[in-house]
Amino acid sequence: APAAVPDTVLVADTALVADTALVANTDADSVAPQWLDTVVVEAGTRLTLLSLSYYGDKVFWVYLYIANRDVIKDPNRVPAGASLRIPMPDRYRIDAADKESVARAAKLQREILAGNFEGVDALDKLAVNG
């Protein structure tokens, strides 16, 4: 049976996370913003619902987790009260209208929930056809 999607409250930190592989190619001299928003998490806030609100699909919770994983050890056990960074959609090629983008996030979700996520350096291994 597939693992359940975390239905938990998340917390974040202001430290930046190094991105590679699945992260969209960006010019190092670019001044494009990294973060779409920062949300102070309240009791009852769900990562999946934030994902739906910001990206149009619940499956993209994985990118919220990845962007804030420096302080999130377990996506099922994250306390309320901190700031959660919301990455720009192009940072992880998030597009709810693109079937491959959704499938890539779903595959990543399976890896994270199975405890097999090796970090952003391994995201390229999670290509939909790979």
Side-chain angles (χ1 to χ4, degrees):
V5 174
D7 194 28
T8 59
V9 177
L10 288 189
V11 67
D13 186 31
T14 56
L16 296 178
V17 177
D19 291 327
T20 60
L22 188 59
V23 178
N25 292 330
T26 58
D27 182 349
D29 297 325
S30 174
V31 292
Q34 273 190 304
W35 309 111
L36 182 63
D37 200 358
T38 301
V39 176
V40 176
V41 178
E42 299 176 4
T45 300
R46 304 288 185 237
L47 185 58
T48 53
L49 296 180
L50 286 173
S51 174
L52 180 63
S53 175
Y54 281 94
Y55 305 128
D57 196 305
K58 290 181 178 183
V59 75
F60 295 124
W61 71 268
V62 296
Y63 301 116
L64 296 175
Y65 167 69
I66 290 168
N68 296 281
R69 80 187 189 293
D70 50 331
V71 295
I72 300 172
K73 304 300 180 212
D74 177 357
N76 289 307
R77 302 277 180 228
V78 186
S83 295
L84 176 65
R85 296 169 306 202
I86 310 295
M88 295 295 291
D90 58 349
R91 182 172 180 165
Y92 296 106
R93 299 186 311 219
I94 298 170
D95 183 354
D98 178 11
K99 289 180 183 179
E100 284 191 38
S101 178
V102 173
R104 191 170 46 248
K107 187 171 185 180
L108 182 55
Q109 173 179 276
R110 288 189 298 275
E111 294 291 321
I112 291 170
L113 295 176
N116 296 328
F117 180 64
E118 299 174 18
V120 291
D121 293 337
L123 286 176
D124 57 338
K125 293 188 228 177
L126 297 172
V128 174
N129 296 320

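The figures that follow rest on heavy atoms only: side chains count, while hydrogens, waters and symmetry mates do not. Here the structure is a predicted model, which is why all the values come from computation and not from measurement.
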Using every non-hydrogen atom in the two residues, find where [X] and [Y] come nearest and quote the distance to one decimal.
X: Tyr92; Y: Arg104; value: O-NH2, 4.4 Å
X: Pro33; Y: Met88; value: O-CG, 3.1 Å
X: Ala67; Y: Trp35; value: CB-CZ3, 3.8 Å
X: Asp95; Y: Val102; value: O-CG2, 4.1 Å
X: Thr48; Y: Lys58; value: O-CG, 3.5 Å
X: Val59; Y: Gln109; value: CG2-OE1, 3.9 Å

In the single-linkage hydrophobic clustering (I, L, V, M, F, W, Y; side-chain heavy atoms under 4.5 Å), do Leu52 and Tyr63 co-cluster? no
Measure the shortest side-chain to side-chain distance between [X] and [Y] over non-hydrogen atoms and say whether it is less than 4.5 angstrom.
X: Trp61; Y: Ile112; answer: yes
X: Asp57; Y: Ile94; answer: no
X: Tyr54; Y: Pro87; answer: no

Between Tyr55 and Phe60, what is the ring plane arrangement, given parallel below 30°, perpendicular above 60°, and tilted in between? perpendicular
Taken to the nearest 0.5 Å, the spacing of Leu113 CG from Leu108 CG works out to 9.0 Å
